[in-house]
Amino acid sequence: MEAVVPRQRAVSGRIPLAVVVVGGDGLVSHWSSGAQRLFGHRREDAVGAVAADLLPVSGALNPPDEYDVLAPGADRPPGDGFAGQLTSGRAKCPRPEGGPYPPGDRGSLDVLWWAYPLAVPGPERLLVLAADASRLGEESGPYERVAPGFALHTEFPEAGRLADRLPDILPHMGPATASRIVAQVLELGYPVLEMSTYARVPVTPDWGVPRHRRRREAAEGPPTPDADAGRERAPAGDRAAAPGHAADLDRAADVERADDLEHAAVRERLEFLNEVSCRIGSSLDLARTIREVTSAAVPRFADFAGTHLRVRMLSGEGFPDGPPDVNTAWRRVWVEHNDEPGRWDDTVPVGEELTFPEQTPFFQCMVTGEPVLLPHIDTALSERIAARFEERDLRPLIGGRSLLVVPLTARTVVLGFMVLMRRPGREPFTDMDRRTGAELAARAGLVLDNARMYTHQQQVAETLQESMLPQVEPRMAGCDIATRYLPGTALGRVGGDWFDTVRLPGSRTALVVGDVVGHGVNAAAMMGQLRTAVHTMAALDIPPAQLLRSLDDLAHEFGDHYLATCLYAVYDPVAGELLISSAGHLPPVLVRAGTGRGELIDVPGGALIGLGGVPFATARVRVSPGDRLVLCTDGLVEVPGEDIGTGLAALCASAAQPAASLDEACDAVVRALAGATAERSGGRNDDIALLMARLNGMPAGDTTTWRLEPTAADVSRARKLVDGQLARWGLPELADTTRLLVSEVVTNAVRHAGGRPVELRLARADTLLCEVSDADHTLPAMRDAGPEEESGRGLRLVSTLAHRWGESHSGPGKVVWFEQALPARAHCGAGSGRPLPGVSGRGVPG
């Protein structure tokens, strides 16, 4: 780092600079290599040492009274004797050993220094630059007006660029410290480091002079070296007696007062912007961010603040493109003021959507992207503005006020604008206020855009996940279902947990719950693929262990990063049993209706889906009508640092508690476990999937099975059997359609059964279910029959008339089934079994 002298001397045009940062406690926090060369102290020895013991810059560390002039009302920075303003000076100190000086030259070192106070948050309080004054040549006097500053050919650097480069200029200084120093230097207008490859610091003739010297020169003119030396030696009384000196002192006092006022205004602006930066953006919630941005301006900066944003942005349509115009819809999202309550509610209500006409300051701001300042709105101006709004009278609210409209911009696009007003009697907005408001809006625009992007991404992710989760029916054949899904809160609202139910032949139901390893959109996408695969294979009636084996193979084809746990259970209400296989998942809980106690089902463990090479086994569990099965993911029971067994025990106890309905039983489990988990771990890190099934069974009178011979006569017999059974169940209105569909399906089975018997089953559950089984393993295919063909229309007829239908392999053969909706009067007594005491017969889906 080097300084540039204003004119060519006996030395080169640049001299090295030492850079030191001193904290509020008076200790050195940064010591550059230039400081080590100049003063002789190593960095490791200097950092943490008392600055006054290392630096001959007492004017900065313990300034005399003539330097110690603060702006009115300004607080002194922490630390003994630190100045609140720019200081500079010249001092003598011993030359260090090993320094860049001729051998044997052990004289004193003449040091020229400049000190810049740092009032930003943080421990740093003083930035000191020092140089070997002897290298400036003999012409430099004790108050040579040279110091680090702007070169004439450089532009004012942006804070971001300077903050990024400052650690390169000042080695071993962290980015946080550099950013704070840059913010202070840029806002107060202090000289800053010129950005260049070698990070040189230009020297200008107007900075570096003590403040009292600059004020005196403003009144008396620049001194000559002799006159300056004489003036420094002259006593104060002699100076006061000089002709015209009183007028000079008055001019100096005016300059001093103006300087102090400007300094106070700049400090106030800095403090306000710093306060706003700390207040806004405390979260990524868009609504909260909007309130923070609007409220930050009142009452310190304005008496009224109203924020308007594009409706398209708020509706989740993405980032708006193109400039706004008279047709752009805006929504007033928040209003803050210190007037009497309710004064603004009718005229400028929050939530109102409107467009802004041309020839108004609001339209001008939003189309140009520049602040619009109206220092005073007189009667004529208020009438002109109000005339553009036909449906409301703005004159009582804007008349006599000072108006400032600032754009909320991100990525060069106007997202909205803020309307700021000051009431009569308060200092009107000035050009400095316009710059301050623009800076406030710039920071607010970035924060709002970040919140908007986060909200949009969350909505996209949640929509993706919700679209992948199934809409589970509350009632299946022989069982009622209730589900719950809770997204995680601490790690985002998107995860890989899922549940599902699948209707199987034989009035059976597949119950599934799984958990993809990881969180976020990738986990949700994996979950969607795995859930679809499970649902597809379940519909083919693949046995549980074989299904998990096939799912594991499929996960390997998806990629090495597909890892998940899965529990797959098949409930047979006719046989009264469960078949359960697990791939590294938590064991399910079974609440026995007879004892009312919850117990973990011992399921043979298997490896996670995606690991491969591990066989899966199946557990067979006998169940009774009224038993409840609870399947969940680990987010419900797992607490970091605690044994998973504790959570499973709590799940057993909670699931066994009496409840008025299956839906309320789910809610009780979630309240008891999810709430406790979030409290103990400081937030729920994982998402939760919960599936609860009440196993009602199938009463003996609600199902019947017939064995048919593969003859045409038994096809006719099947039609008569169906008619009789529907009459006994009180369902004669279903007889015609059911008889026709049974005839088509049984005929097809007889034709392809190869002389082997056919089985026909009717079951009355939540629907009327008909299943036809035969020994042929080939599944029938629906096709278009030609006008001359006598066959090929049966399955199309079934597809047209049945509520739903399907086909799957079953043992050595196949099953073709169809369902019909029951009449409304038949739902009350069919399919739900006997409700448990204290539990309703209706399950509510999650």
Side-chain angles (χ1 to χ4, degrees), residues 71-75 187 254 257-276 279-280 290-308 332-350 352 356 359-365 370-389 392-408 417-441 443-444:
D75 296 327
E187 292 291 352
D254 291 339
R257 283 192 296 270
D259 199 1
D260 288 342
L261 290 174
E262 181 181 359
H263 185 80
V266 171
R267 181 181 290 272
E268 170 69 17
R269 176 189 177 211
L270 274 177
E271 291 176 352
F272 169 68
L273 291 174
N274 182 62
E275 177 184 322
V276 169
R279 289 178 57 183
I280 66 176
I290 291 169
R291 292 194 298 269
E292 290 174 345
V293 168
T294 312
S295 302
V298 178
R300 185 165 180 177
F301 186 70
D303 297 307
F304 170 91
T307 300
H308 302 73
R332 187 180 298 107
V333 290
W334 197 252
V335 170
E336 194 78 25
H337 62 84
N338 55 11
D339 289 333
E340 59 272 16
R343 182 180 182 188
W344 298 85
D345 294 349
D346 293 336
T347 308
V348 288
V350 173
E352 180 185 23
F356 287 88
Q359 307 303 320
T360 62
F362 319 107
F363 182 84
Q364 180 183 350
C365 173
E370 296 293 335
V372 176
L373 171 62
L374 299 178
H376 177 72
I377 302 178
D378 55 21
T379 302
L381 181 56
S382 67
E383 290 181 351
R384 288 200 301 272
I385 296 175
R388 301 290 176 178
F389 297 88
R392 67 198 67 203
D393 187 5
L394 297 178
R395 291 174 299 175
L397 298 177
I398 65 176
R401 297 193 177 232
S402 182
L403 174 68
L404 177 62
V405 187
V406 291
L408 300 172
F417 58 89
M418 289 182 66
V419 179
L420 304 167
M421 285 190 287
R422 289 179 179 174
R423 65 176 62 176
R426 183 173 179 177
E427 189 74 20
F429 288 118
T430 64
D431 190 61
M432 176 176 283
D433 293 325
R434 183 185 64 81
R435 293 193 297 270
T436 303
E439 177 66 19
L440 165 66
R443 301 183 187 190

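Each residue takes its place number in the sequence, starting with 1.
Between R435 and E439, none of the side-chain N atoms (NZ, or NE/NH1/NH2) sits under 4.0 Å from a carboxylate O, so this pair counts as no salt bridge.
For the atom pair CG (L440) and CZ (F301), the distance works out to 7.0 Å, reported to the nearest 0.5 Å. The CD atom of E383 lies 12.5 Å from the CD1 atom of I377; values are rounded to the nearest 0.5 Å. Distance check, rounded to the nearest 0.5 Å: OG1 of T430 to CG of L373 gives 7.5 Å. In this structure, the separation between CD on E292 and OG1 on T307 is 12.0 Å, given to the nearest 0.5 Å. For the atom pair CE (M418) and CZ (F362), the distance works out to 13.5 Å, reported to the nearest 0.5 Å.
S402 places a side-chain N or O within 3.5 Å of a backbone atom of P375 that can act as its donor or acceptor partner. Between the side chain of S382 and the backbone N or O of T379, at least one donor-acceptor pair lies under 3.5 Å. Side chain of D303 to backbone of R423: a donor-acceptor contact under 3.5 angstrom is found.
Of all heavy-atom pairs between I290 and V333, the closest is CG2-CG2, 3.3 Å. When every heavy atom of A441 is checked against every heavy atom of L408, the shortest pair comes out as O-CD2, 3.7 Å. Closest heavy-atom contact between L404 and G437: CD2-CA, 4.3 Å. Looking at every heavy atom in both residues, P424 comes nearest to G399 through CG-O, 4.4 Å. Closest of all the heavy-atom pairs between A305 and T294 is O-CG2, 3.3 Å.
By the 4.5 Å heavy-atom criterion applied to side chains, D433 and R422 are counted as neighbours. The shortest side-chain heavy-atom distance between R332 and P349 falls under the 4.5 Å cut-off. Using a 4.5 Å heavy-atom threshold, the side chains of R434 and P371 count as touching. Residues F304 and V419 meet the side-chain proximity criterion, which asks for heavy atoms closer than 4.5 Å.
Across L374, L403, V298, a single residue satisfies side chain to side chain contact (heavy atoms under 4.5 Å, CB included) together with M421, and that is L403.
A cation-pi arrangement, defined by a distance under 6.0 Å to the six-membered ring centre and an angle within 45 degrees of its axis, is absent between R401 and F429.
Under 3.5 Å, the side chains of S295 and E336 contain a donor-acceptor pair of N or O atoms.
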Practice prompt. Dump the intermediate steps for side chain to side chain contact (heavy atoms under 4.5 Å, CB included) on V406 and F417, then the final yes or no.
Written response: CA-CA 6 Å; V406 291; F417 58 89; over 6 Å; no

